Undergrad: 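Structure provided below as structure tokens; questions to follow.
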Amino acid sequence: MKCVVRTAAGGPEVFQLVERPVPEPGSGEVRVRVHISGVNPTDWRSRRRALPRGMDEQVPHQDGAGVIDAVGSQVDPARIGQRVWIWEAAWERPWGTAQQYTLVPDRHAVALPDHAPFELGAALGVPALTAHRALTVHDGGPGRIAPGSLRGATVLVAGGAGAVGNAAVQLARWAGARVVTTVSSPAKAALARAAGAHRTVDYRTQDAVAEILDFAPKGVDIVVEVAPGANAALDMAVAAQGAVVAYYSGGESERLSVPVLTSLSANLRWQSVYVYTVPPAAKRQALTDVAAAVNAGALRVGEEAGLPLHRYGLEHIADAHAALEQGVVGKVLLDIP
């Protein structure tokens with residue numbers, strides 16, 4: 001089979017397209033014939049780091065979609081032939097999705113309904129599970145995403161045109177929240193509106209605090225934050241009493257500094273969200289809720305859903321990584337031959 005591996009840390013040039021034997025699933029594993037591999041910022045960031053301990057090479061990418069074609073012992077044989085989306089394939093494991101066949105634990109391959117395209121399946125994983133966690137850490141909140149679960153809440157999504165931002169907008173709308181999002185251009189505003197945002201605010205040309213408070217005079221209850229260091233002052237200015245700022249990203253040297261007394265008096269919560277290490281119960285709930293959203297048609301991809309697709313062949317994985325690092329707007333995918 002064709003697969004991409006890396007044996008060292010570095011830029012996109014460390015990837016090699018090689019031939020490897022088709023692997024056999026072990027106990028509790030399924031083998032997936034991968035149709036599409038999803039590329040996330042976490043993939044190029046991990047590429048820059050050394051291989052996990054004990055590995056000589058690793059196939060990249062956490063997310064993907066395809067069809068189960070073999071199962072190991074302790075797995076229901078009826079799963080063979082099932083369309084699935086894959087999450088955290090390469091987290092502390094050698095088998096990512098940038099290959100024709102991959103092995104994952106049974107629970108890491110989630111059923112993908114016939115009406116959902118593989119492009120959507122490959123775009124779930126990291127973005128949707130991250131967005132779910134950010135939307136469900138509010139103190140006293142429902143802890144889950146379902147129709148009506150966020151009714152009465154106002155959500156601010158920073159960077160509504162990004163992959164996590166897009167998933168957060170769609171999930172929040174499905175759950176009944178009012179959603180405002182910040183963007184940096186009219187084109188990105190159009191994408192955020194396509195995802196379902198009620199209001200978009202261009203922070204480069206508008207008074208973001210005034211616009212957000214016009215939309216939510218009592219403040220926002222949940223902030224899904226991509227740049228906490230840069231946006232801390234804005235977040236504090238628009239946060240409601242008892243709000244949570246759930247941040248999931250940041251630059252290598254980014255620092256979060258907030259006035260203690262202001263956060264204290266507002267009972268403001270600053271919550272980090274690192275999808276790989278969220279509590280197991282929260283991860284299980286996220287998988288359940290995201291699968292339900294997919295089944296209900298509440299999660300979509302494509303420009304009409306606010307998430308343009310950028311497709312590359314497996315042999316062009318270096319170009320795909322370079323495009324993502326350079327800030328391409330939308331979802332980067334690898335088509336697996």
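On a predicted model such as this, the values are computed, not experimentally measured, just so you know.
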Undergrad: Going through the distances and angles, do Leu135 and Val155 end up as a side chain to side chain contact (heavy atoms under 4.5 Å, CB included)?
TA: CA-CA 8 Å; Leu135 291 169; Val155 175; 3.8 Å; yes
Undergrad: Indicate yes or no: does Arg311 engage Glu119 in a salt bridge with an N to O separation below 4.0 Å.
TA: yes
Undergrad: List the steps and the verdict of side chain to side chain contact (heavy atoms under 4.5 Å, CB included) for Val244 and Asp139.
TA: CA-CA 8 Å; Val244 60; Asp139 192 28; over 6 Å; no
Undergrad: Kindly determine whether Ser249 and Arg45 satisfy side chain to side chain contact (heavy atoms under 4.5 Å, CB included), including the steps that lead there.
TA: CA-CA 11 Å; Ser249 186; Arg45 289 186 176 120; 4.0 Å; yes
Undergrad: Would you say the side-chain atoms of Arg31 pair up with the backbone N or O of Pro23, donor to acceptor, closer than 3.5 Å?
TA: yes
Undergrad: Is a side-chain N or O of Asn40 found less than 3.5 angstrom from the main chain of Thr42, in a donor-acceptor match?
TA: no
Undergrad: Is it true that the side chains of Glu225 and Asn231 contain a donor and an acceptor less than 3.5 Å apart?
TA: yes
Undergrad: How about Val164 and Val226: do any of their side-chain heavy atoms sit closer than 4.5 Å?
TA: no
Undergrad: Would Trp270 and Asp235 satisfy side chain to side chain contact (heavy atoms under 4.5 Å, CB included), going step by step from the backbone distance to the final call?
TA: CA-CA 10 Å; Trp270 298 87; Asp235 294 338; 4.2 Å; yes
Undergrad: Write down the atom of Gly152, the atom of Asp221, and the distance for their closest heavy-atom approach.
TA: O-OD2, 4.1 Å
Undergrad: Do Arg173 side-chain atoms and Gly196 backbone N/O form a donor-acceptor pair below 3.5 Å?
TA: yes
Undergrad: Is the shortest heavy-atom distance from the side chain of Leu124 to the side chain of Val294 under 4.5 Å?
TA: yes
Undergrad: Answer yes or no: is there a donor N or O on one side and an acceptor on the other, between the side chain of Arg93 and the main chain of Leu103, under 3.5 Å?
TA: yes
Undergrad: Is there a donor-acceptor contact under 3.5 Å from the side chain of Glu88 to the main chain of Gln62?
TA: no
Undergrad: Any idea which heavy atoms bring Thr182 and Ala158 closest together, and the distance?
TA: OG1-CA, 3.3 Å
Undergrad: Going from CZ on Arg284 to CZ on Arg144, what distance comes out if it is rounded to the nearest 0.5 angstrom?
TA: 14.5 Å
Undergrad: Of all the heavy-atom pairs spanning Thr200 and Ala192, show the shortest one and how long it is.
TA: CG2-CB, 3.8 Å
Undergrad: Once rounded to the nearest 0.5 Å, what's the spacing between atom NE2 of His61 and atom CD1 of Ile317?
TA: 4.0 Å
Undergrad: Do you reckon Tyr247 sits in the same ILVMFWY cluster as Val220, going by side-chain contacts under 4.5 Å, direct or chained?
TA: yes
Undergrad: Under 3.5 Å, side chain of Thr102 to main-chain N/O of Gly96, donor-acceptor pair present?
TA: yes
Undergrad: Does Glu303 have more than 12 heavy atoms from other residues, nucleotides or ligands lying within 6.0 Å of its CD?
TA: no
Undergrad: Please check if Val258 and Leu268 belong to a single hydrophobic cluster, counting links between Ile, Leu, Val, Met, Phe, Trp and Tyr side chain heavy atoms closer than 4.5 Å.
TA: yes
Undergrad: To the nearest 0.5 Å, how far apart are CD1 in Ile86 and CG in Asp63?
TA: 9.0 Å
Undergrad: Can you see which heavy atom on Ala167 is nearest to which on Leu299, and at what distance?
TA: O-CD2, 4.3 Å
Undergrad: Is the closest side-chain heavy-atom distance between Tyr248 and Val275 below 4.5 Å?
TA: no
Undergrad: Identify whether Val67 and Trp95 are in the same connected component of the hydrophobic contact network (ILVMFWY, side-chain heavy atoms under 4.5 Å).
TA: no
Undergrad: Just wondering, are more than 12 heavy atoms of other shown residues or ligands nearer than 6.0 Å to CD in Gln74?
TA: no
Undergrad: Tell me if a side-chain donor or acceptor on Gln170 pairs with a main-chain N or O of Arg300 at a distance below 3.5 Å.
TA: yes
Undergrad: Would you compute the distance between atom NE2 of His198 and atom OG1 of Thr154 and round it to the nearest 0.5 angstrom?
TA: 9.5 Å
Undergrad: Check for me, please, whether Val290 and Val84 land in the same ILVMFWY cluster - side-chain distances under 4.5 Å, paths through other members count.
TA: no
Undergrad: Assigning hydrophobic clusters by single linkage (Ile, Leu, Val, Met, Phe, Trp, Tyr; side-chain heavy-atom cutoff under 4.5 Å), is Phe118 placed with Ile336?
TA: no
Undergrad: Could you tell me which non-hydrogen atom of Ala146 sits nearest to which non-hydrogen atom of Trp174, and how far apart they are?
TA: CA-CZ3, 3.9 Å
Undergrad: Considering non-hydrogen atoms only, spot the tightest contact between Pro41 and Leu324 and give its length.
TA: N-CD2, 3.5 Å
Undergrad: Does Asp56, at its CG atom, have more than 12 non-hydrogen atoms belonging to other residues, nucleotides or ligands within less than 6.0 Å?
TA: no
Undergrad: Which distance, rounded to the nearest 0.5 Å, do you find between the OG of Ser263 and the CZ of Arg269?
TA: 13.5 Å
Undergrad: What verdict does the salt bridge (charged side-chain N to carboxylate O under 4.0 Å, His left out) test give for Glu19 and Lys2, after you've listed the backbone C-alpha separation in whole Å, the side-chain angles of each residue and the deciding distance to 0.1 Å?
TA: CA-CA 5 Å; Glu19 288 282 344; Lys2 290 181 172 63; 3.7 Å; yes
Undergrad: Are Asn295 and Pro113 side-chain neighbours, meaning at least one heavy-atom pair lies under 4.5 Å?
TA: yes
Undergrad: Check whether any side-chain heavy atom of Val201 sits under 4.5 Å from a side-chain heavy atom of Phe215, and report yes or no.
TA: no
Undergrad: State whether the side chain of Glu29 and the backbone N or O of Gly26 hold a donor-acceptor pair below 3.5 Å, judged by distance alone.
TA: yes
Undergrad: Heavy-atom distance under 4.5 Å between the side chains of Pro142 and Thr136, does that happen here?
TA: no
Undergrad: Got a donor-acceptor contact below 3.5 angstrom from the Asp106 side chain to the Val71 backbone?
TA: no
Undergrad: Heavy atoms, side chains only, cut-off 4.5 Å: are Val39 and His310 in contact?
TA: no
Undergrad: CG/Leu129 to OH/Tyr276 distance, rounded to the nearest 0.5 angstrom?
TA: 10.0 Å
Undergrad: Do side-chain atoms of Arg47 reach the backbone of His321 as a donor and acceptor pair under 3.5 angstrom?
TA: no
Undergrad: Within a strict 4.5 Å, meaning less than it, do heavy atoms of the Val224 and Val273 side chains meet?
TA: no
